[in-house]
Every structure is written in C-alpha cells, then in structure tokens.
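Note sheet for the following structure.
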Amino acid sequence: MENKKKRVYCLYRVSTKGQVEKNDIPMQKECCRAFAQQNDWEIVREFSEKGVSGFKVSAKNRDAIIEIQQDAIKKKFDILLVFMFDRLGRKDDETPFVVEWFDHNGIEVWSTQEGRQRFDNHVDKLINYIRFWQASGESIKTGIRTKTRLDQIVKEGRWRGGTPPYGYKLVKKGKYNKKGHEVYDIAIEPGEAKVIKLIFEKYVNEGYGAQRLEKFLLQQRIFNRKGENFTNTTLIKMIQNPAYTGILRNGESKSEIFPDLQIIRPELFRQAQAIRKDRAMKHSDIPFNSKGKSLLPGKVYCGHCGSKLVLTTSGGRAVQEGERPEPRLRYQCHYKVRHPQSCDGQSGYEAKKLDSMVDETVRLLFARIKAVPAKSFISRQLEKQLGQNEERLKRVRKENTKASVELESYKSEVLKVIRGTSSFSRELLRELIEKSEKQVQETRTKIEEIEKTAADLAGAIARANEQYHQVLDWSELYDKSTTEAKKMILAQLIDRVTIKKGYQLDIAFSVSYEQFMEVCKTREKKAQIEQEQPTPKKKKNLEMVR
C-alpha cells in the first residue's frame with residue numbers, strides 16, 4: 001500500500017506592494033514549490049499576502065493566517081511551508097506562539113531555508129523565540145532607517161511616495177534614484193486646486209461647516225477622484241492638511257514652504273484652523289449620553305449598512321397655539337445621508353417609537369427572569385463540569401503519588417547497583433528512573449491544568465450568581481427608574497440594537513443575559529410538558545374523580 005503524500009499549505013508574504021511583481025510573489029513561490037517537490041509533498045493551497053507588514057499587523061487581523069488556522073483545526077493539511085519563518089510574522093510577543101499553536105494542532109511548520117521548527121524540548125522553544133525576537137529587532141531598525149531617510153527626502157522638498165493628496169498630481173521632473181530609475185514628484189493639479197480654494201473660502205469667509213460644504217459640493221456636482229461625493233469627514237481632513245500651504249510632511253517632520261506647491265495662503269490656513277478649533281465639540285469617554293429623552297444613544301445600528309445611528313432632532317408640532325413646538329428625536333443613519341446610493345434602509349427612525357419597542361421587550365425579559373430561580377441560572381452544566389473536574393483531579397493525584405513512590409524506590413536501588421547487590425542492571429534501572437520521572441512530571445502538569453480549570457469554573461459560577469442577582473435588582477428598579485437610570489441599566493444589559501425598514505428589531509444582549517433567555521426557554525418548555533403530561537399525583541386525583 002502506497003504512503004499518501006503529505007498535504008502542504010504555502011504562505012507567501014511581502015511587506016510592501018512595491019515588492020510584488022505583476023501581482024505575484026515569484027521568488028518565495030518558486031522556492032517553496034521546489035522544496036515540496038524535493039520532499040515528495042503535495043501542495044494543496046497557496047496563500048499570498050501582498051503589502052502586509054509582519055511587524056505592524058497582528059496575526060488575528062490577517063485573513064490568510066485566520067483561514068489557515070481554521071483549516072488546521074479541520075485537518076485539511078499536514079504541513080505549513082514558508083520561504084523563511086519571518087514570513088509568518090515578526091512580532092516577538094506573538095509569532096512564536098502562532099508557530100507553536102500549529103505544532104500543537106498536529107501541523108508541521110517548515111521553512112525552505114531553516115528546516116522544520118520542532119518543540120521537543122525547552123531549547124527548541126528558546127530557539128523559536130530568539131528567531132522572532134531577532135526578526136522583531138530587524139523590523140524596528142528597518143523602520144528607524146526608513147523614517148530617517150523619508151524625513152531627509154521631505155526636508156529636501158522631494159515627494160516621499162504614495163498617492164498625492166487631492167489637489168496634486170504625480171509628475172516626472174528628471175530625477176533618478178540610486179538604481180537609475182526615474183522617480184515621481186508632485187505638482188499642483190489646476191482643476192483640483194480650484195476646488196481646494198473654493199472649500200477654504202467657503203469655510204473661512206462664508207462660515208460653511210463640513211456638512212454644509214458636503215451638500216454644497218454635491219449640488220454643484222463637484223466630486224472626488226472616484227466620482228463620489230466628498231463626505232464631511234474627508235472635508236475636515238482636507239481643511240486640516242498643511243500640504244496645501246506648500247509644506248511636505250512625514251510624521252512629525254516638516255519641510256519649509258515651497259511656493260510652487262502652495263495652493264492656500266498660510267494666513268487663510270491658520271484662520272481655518274482657528275475656526276475649526278472653536279467649533280469642535282468635546283466628547284466624553286462615556287460610551288453613551290445619559291442626558292436627553294432617548295433611551296438608546298450609541299446602541300442603535302442600521303441593519304442595512306451596519307453604521308451606528310446618531311440622534312438628531314426635527315421640528316415638531318405645538319400642542320397649543322402660541323406654544324413652542326417640541327422637537328422630535330430621531331435615530332438617523334448618517335451613512336445613508338452621506339451615501340444614499342450605498343444604503344437601502346431608512347434614513348431615520350422615530351426615537352419614541354423605537355425606545356418604546358425596546359422598553360417593552362426589556363420589561364418582558366425582566367418578568368421572565370423573576371420567575372427563574374438562581375439555581376436554574378447558575379448553569380447545571382458548569383456545576384457538572386466542576387464535579388467531573390474534581391473527580392479527575394483525585395485520580396491524577398493518585399497517579400502522581402504512585403509514580404513518586406516508584407521513583408523513590410528506584411532511586412534507592414542506585415547504591416545497590418553500584419555495590420552489585422541489586423537485581424536490576426544499570427541500563428534497566430536508568431530506563432525505569434527516566435520513565436518514572438517523566439510520569440511524575442506529566443501528572444504534575446496535569447494537576448496544574450486541572451486546578452486552573454477548576455478555578456475558572458468556580459469563577460464562572462460565582463460571576464453567574466452575581467450577575468443573576470444584579471439583573472434581579474434591575475428588574476425590581478426598572479419600572480420606578482428615571483430615564484437616566486434606565487439608560488444606565490440598558491447600557492449594561494444591551495450590546496446593540498439593530499433596526500431595519502419597518503422597525504424590524506434585533507436586540508443583542510450581553511452573553512450572560514442570553515443565558516438568561518436560554519434558561520427561560522428551558523423552564524417554559526418544561527412547564528408546558530408538565531401541563532400536557534399530568535404528574536402521578538394528578539393522575540391519581542383524576543382516577544379518584546372517575
């Protein structure tokens with residue numbers, strides 16, 4: 001019977017898109033394919049990360065790593081192959097553990113240049129850490145060298161690279177780099193420069209705010225390079241950009257003013273900054289605002305585009321003649337307002353109606369929670385796991401004691417072996433001692449793991465008990481609470497409220513409160529079954545009636 005070829009996943013990565021050749025990473029791919037062929041392995045999938053920094057981007061934010069880990073759990077491949085290990089990442093506090101994770105999940109991790117990374121002993125783990133510690137250090141040094149060079153380029157009045165801001169274009173001025181390649185520089189783009197001047201003049205001289213500017217430009221059919229409308233956030237960034245005064249910048253480093261790149265006079269720019277600063281609203285770090293009559297500020301999201309809804313007001317009707325009309329509160333989808341073509345939901349929802357619907361749902365939830373005893377909420381499954389854990393701990397402790405006794409008895413034979421009075425040979429005794437030491441160490445490790453699991457389970461039960469009584473207190477207080485107090489309760493009870501056209505709601509409670517719902521459902525189902533199937537006592541009563 002032929003041995004099946006080992007299945008291989010290959011990962012290729014370059015930090016900048018400039019390293020990509022014709023949308024490919026050829027050198028790494030060629031080396032990995034040749035290495036796999038040499039070892040008679042079968043490449044089943046290849047992943048390419050183009051322009052992804054292994055130092056700046058965490059593995060949990062890299063789609064390729066996430067997908068490879070998911071397939072590793074499903075046992076879809078046997079080997080993860082890279083050109084060099086630093087292709088997996090350069091973060092010394094993360095990448096070594098990513099490599100070790102694959103090994104622990106039965107995946108061999110290979111490099112075409114460095115061989116296989118093993119974890120047979122502590123030396124292997126140390127080598128694994130040192131490798132990525134060095135890679136991390138190299139990334140830091142490279143970053144410092146790159147920043148220093150870019151600072152020099154900016155101060156010399158040359159373009160540092162990348163897409164130029166709106167108002168400028170890339171041109172060739174006969175400048176060459178060290179490799180003899182002609183490089184781009186920037187120059188003013190006349191058509192876009194007129195728009196920049198218009199924006200600053202309206203903002204400073206006519207008092208236009210960002211939202212008003214957005215509507216004005218849309219009415220004038222003035223669009224950005226992509227043919228889309230300018231959003232208010234983009235306009236604010238443009239108003240803050242000192243490049244329009246002829247200053248090139250790289251981080252904190254700035255050049256002198258270059259007249260041939262100046263679109264806006266420095267004085268006009270300073271006036272714009274002063275106006276922007278005066279208009280800026282100071283926001284609290286608190287995730288919601290307890291002022292006002294709305295119950296859910298910061299908690300409502302559009303079910304069509306996913307954007308957070310903001311509170312706005314619109315003119316209302318006066319109750320009596322001569323009285324000032326009371327403004328109506330609305331939850332508005334700001335993205336829908338800015339990009340009407342990209343969101344098919346409603347632009348806004350009446351706050352009073354939405355709050356009322358959520359309020360009714362919360363009251364029903366509290367009513368159901370009051371009917372659930374604490375013992376039901378504190379998951380029986382958790383308590384069962386805790387009991388099983390204790391039994392396992394007793395068993396492993398017995399194994400550890402037995403192994404320790406055996407080890408001591410074997411060690412007591414050492415002197416007899418030296419004297420020649422023991423029934424064991426030196427080789428056999430050495431093997432028995434090593435085996436016992438290994439068993440003692442393994443059982444000690446298991447004991448530590450079980451004790452940690454027990455502590456986690458006990459903590460989970462304690463938290464569940466605490467949360468049950470907390471929510472029970474809220475259920476008692478809610479009806480009597482002020483609007484501000486209700487907001488405080490809802491802010492902790494609800495993660496988010498998603499709304500779609502026609503006021504279709506999806507209320508996401510915190511995880512622990514979802515457990516409440518499950519308990520309630522289980523209790524109600526049980527009660528229903530009991531009603532449909534009479535207990536022995538009820539049956540007896542029925543028979544007596546008959």
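A quick note: this is a predicted structure, and the numbers were derived from the prediction, not measured.
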All N/O donor-acceptor pairs, side-chain side in residues 425-436, below 3.5 Å, sequence neighbours left out:
unit_1 : atom_1 : unit_2 : atom_2 : d
S425   : OG     : L428   : N      : 3.2
S436   : OG     : L432   : O      : 3.0

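Closest of all the heavy-atom pairs between C333 and Q346 is CB-O, 4.0 Å. In plain terms, the two heavy atoms of I43 and C32 that are nearest each other are CD1-O, 4.2 Å.
With sequence neighbours left out, Y12 forms a ring-ring contact (aromatic ring centres under 6.0 Å, His included) with no residue at all. With sequence neighbours excluded, the residues satisfying side-chain contact (heavy atoms from CB on, under 4.5 Å) with E108 are K6, I79, W110, R116. For T234, the side chain to side chain donor-acceptor pair (under 3.5 Å) partners are T231, not counting sequence neighbours. With sequence neighbours left out, the ring-ring contact (aromatic ring centres under 6.0 Å, His included) criterion links Y410 to no other residue. Qualifying side-chain contact (heavy atoms from CB on, under 4.5 Å) partners for I447, counting only residues two or more places apart in sequence or in other chains: L393, V396, R397, N400, E451. Looking at residues two or more places apart in sequence or on another chain, you find a ring-ring contact (aromatic ring centres under 6.0 Å, His included) between H339 and Y335. Annotation: side-chain contact (heavy atoms from CB on, under 4.5 Å) contacts of K237 (sequence neighbours excluded): none. Here Y503 pairs with Y349 under the ring-ring contact (aromatic ring centres under 6.0 Å, His included) rule; sequence neighbours left out. Checked against salt bridge (Lys or Arg N to Asp or Glu O under 4.0 Å), K226 has no partners two or more places apart in sequence or in another chain. Partners of D506 according to the side chain to side chain donor-acceptor pair (under 3.5 Å) rule, which considers only residues two or more places apart in sequence or in another chain, do not exist here. Annotation: salt bridge (Lys or Arg N to Asp or Glu O under 4.0 Å) contacts of K75 (sequence neighbours excluded): none.
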Carefully, step by step, assess R338 and E228 under the rule salt bridge (Lys or Arg N to Asp or Glu O under 4.0 Å). CA-CA 10 Å; R338 291 186 298 160; E228 299 174 350; over 6 Å; no

Does S58 form a side chain to side chain donor-acceptor pair (under 3.5 Å) with E94? I'd like the steps, not just the answer. CA-CA 8 Å; S58 173; E94 177 187 74; 2.6 Å; yes

Trace of the side-chain contact (heavy atoms from CB on, under 4.5 Å) decision for S356 with V358: CA-CA 6 Å; S356 177; V358 174; over 6 Å; no

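No salt bridge links K411 with E406; every basic N to acidic carboxylate O contact stays at or beyond 4.0 Å. Between R330 and E350 there is no salt bridge, since none of the side-chain N atoms of the basic residue sits less than 4.0 Å from a carboxylate O of the acidic one. We find that R13 and D86 are not joined by a salt bridge, their nearest charged nitrogen and carboxylate oxygen being 4.0 Å or further apart.
At most 12 heavy atoms of other shown residues, nucleotides or ligands fall within 6.0 angstrom of atom CD in Q37. In the displayed structure, E360 atom CD is contacted under 6.0 Å by at most 12 heavy atoms of other residues, nucleotides or ligands.
For Y166 and F230, the distance between ring centers is under 6.0 angstrom.
In this structure, the separation between OG1 on T95 and CH2 on W101 is 14.5 Å, given to the nearest 0.5 Å. Atoms CG and CG, on L490 and D359 in that order, are 7.5 Å from each other to the nearest 0.5 Å.
A distance-only check finds no donor-acceptor pair linking the side chain of N61 to the backbone of V57 [under 3.5 Å].
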